[in-house]
Amino acid sequence: MTDVHEIRIDSSDDIVQIRKVVRTVAGDIRMSLVDQTKLVTAASELARNIVGYGGGGTVRIERLTGPSGVPGVRMVFEDSGPGIPDVELALTDGWSSGQGLGLGLPGARRLVDEFDLQTAAGRGTRVTVTKWTR
């Protein structure tokens, strides 16, 4: 198995594939089942946002080793959609620009160890998340 997976995100079927790949990569590095579930849930939420709001995009899933030798999984979700006009508001529980529950972005942030969101109006959004084994 390779250490890097790039998957196109256009539909709910792609989210199923992403969940499988994330669980496999996290299992390969012996991440606990609880942390695997957190990572898979974060991946689902971020991919669902790309399908629902970003007009499609990609995810790059990679296994990595931290400075202290601890293995982890990094995922980079990117789209070329409209971007997020107010990041602070988008990271607020219960707020949604659509008809969702407004739990995707803030929930994903809580489920991972590192979270970075870059966005620009009209140019898309990139969310990078990392989870380390314990």
Can you get from Val76 to Ile61 by hopping between Ile, Leu, Val, Met, Phe, Trp and Tyr side chains that sit under 4.5 Å apart? no
State, to 0.1 Å, how close Gly27 and Gln36 come at their nearest heavy-atom pair, and which atoms those are. CA-NE2, 3.6 Å
All heavy atoms of Leu111 vs all of Ala42, minimum pair found to be CD1-N, 3.9 Å
Taking atom CZ of Arg8 as the centre, report whether more than 12 heavy atoms of other residues, nucleotides or ligands fall under 6.0 Å from it. yes
Could you measure the distance from the OG atom of Ser11 to the CD1 atom of Ile50? Nearest 0.5 Å is fine. 12.5 Å
Going only through I, L, V, M, F, W and Y residues with side-chain contacts under 4.5 Å, is there a path from Ile84 to Val129? yes
Step by step, would you call Thr37 with Arg23 a side chain to side chain contact (heavy atoms under 4.5 Å, CB included)? CA-CA 8 Å; Thr37 301; Arg23 187 164 302 279; 4.0 Å; yes
Would you check, one step at a time, whether the test side chain to side chain contact (heavy atoms under 4.5 Å, CB included) holds for Lys131 with Val73? CA-CA 6 Å; Lys131 188 145 191 80; Val73 178; 5.5 Å; no
Nearest heavy atoms of Ile18 and Ala43, plus distance in Å: CG2-CB, 4.1 Å
Which pair of heavy atoms, one from Pro82 and one from Tyr53, lies closest together, and at what distance? CD-O, 3.4 Å
More than 12 foreign heavy atoms under 6.0 Å from CZ of Arg30: is that the case here? no
Begin from the C-alpha positions of Lys38 and Asp35 and carry the test side chain to side chain contact (heavy atoms under 4.5 Å, CB included) through to its verdict. CA-CA 5 Å; Lys38 289 178 180 178; Asp35 283 346; 3.8 Å; yes
Applying side chain to side chain donor-acceptor pair (under 3.5 Å), can you list everything that pairs with Thr58, at least two apart in sequence or on another chain? none
Linking I/L/V/M/F/W/Y whenever their side-chain heavy atoms sit closer than 4.5 Å, directly or via other members, would Val22 and Ile15 fall into one cluster? yes
Identify the heavy atoms of Arg19 and Ser44 that sit nearest to each other, and give their distance. NH1-OG, 2.5 Å
Can you pull out every salt bridge (charged side-chain N to carboxylate O under 4.0 Å, His left out) where at least one residue sits in residues 52-78? Sequence neighbours excluded, please. Asp3-Arg63, Glu6-Arg60, Arg60-Glu62, Glu78-Arg126
Using 0.5 Å steps for rounding, measure from the CZ atom of Arg48 to the CD1 atom of Ile9. 11.5 Å
Is it possible for you to say whether Val127 and Val40 belong to one hydrophobic cluster, with membership spreading through side-chain heavy-atom contacts below 4.5 Å? yes
Could you report the tightest heavy-atom contact between Pro85 and Gly83, atom names first, then the distance? CD-O, 3.6 Å
Distance from His5 atom NE2 to Thr24 atom OG1, nearest 0.5 Å? 7.5 Å
Check whether Thr119 reaches the backbone of Gly124 with its side chain - one donor and one acceptor, N or O, closer than 3.5 Å. yes
Under the side chain to side chain contact (heavy atoms under 4.5 Å, CB included) rule, what do Val112 and Leu39 come out as? Steps first, then yes or no, please. CA-CA 7 Å; Val112 297; Leu39 192 60; 4.2 Å; yes
Please report the interatomic distance CG(Leu46) to CZ(Phe77), rounded to the nearest 0.5 Å. 5.0 Å
Thr130 side chain to Glu114 main-chain N or O, any donor-acceptor pair under 3.5 Å? no
Output the distance between atom CE (Met75) and atom CD1 (Ile7), rounded to the nearest 0.5 Å. 10.5 Å
Honestly curious: do Phe115 and Met31 fall in one hydrophobic cluster under the side-chain, below-4.5 Å linking rule? yes
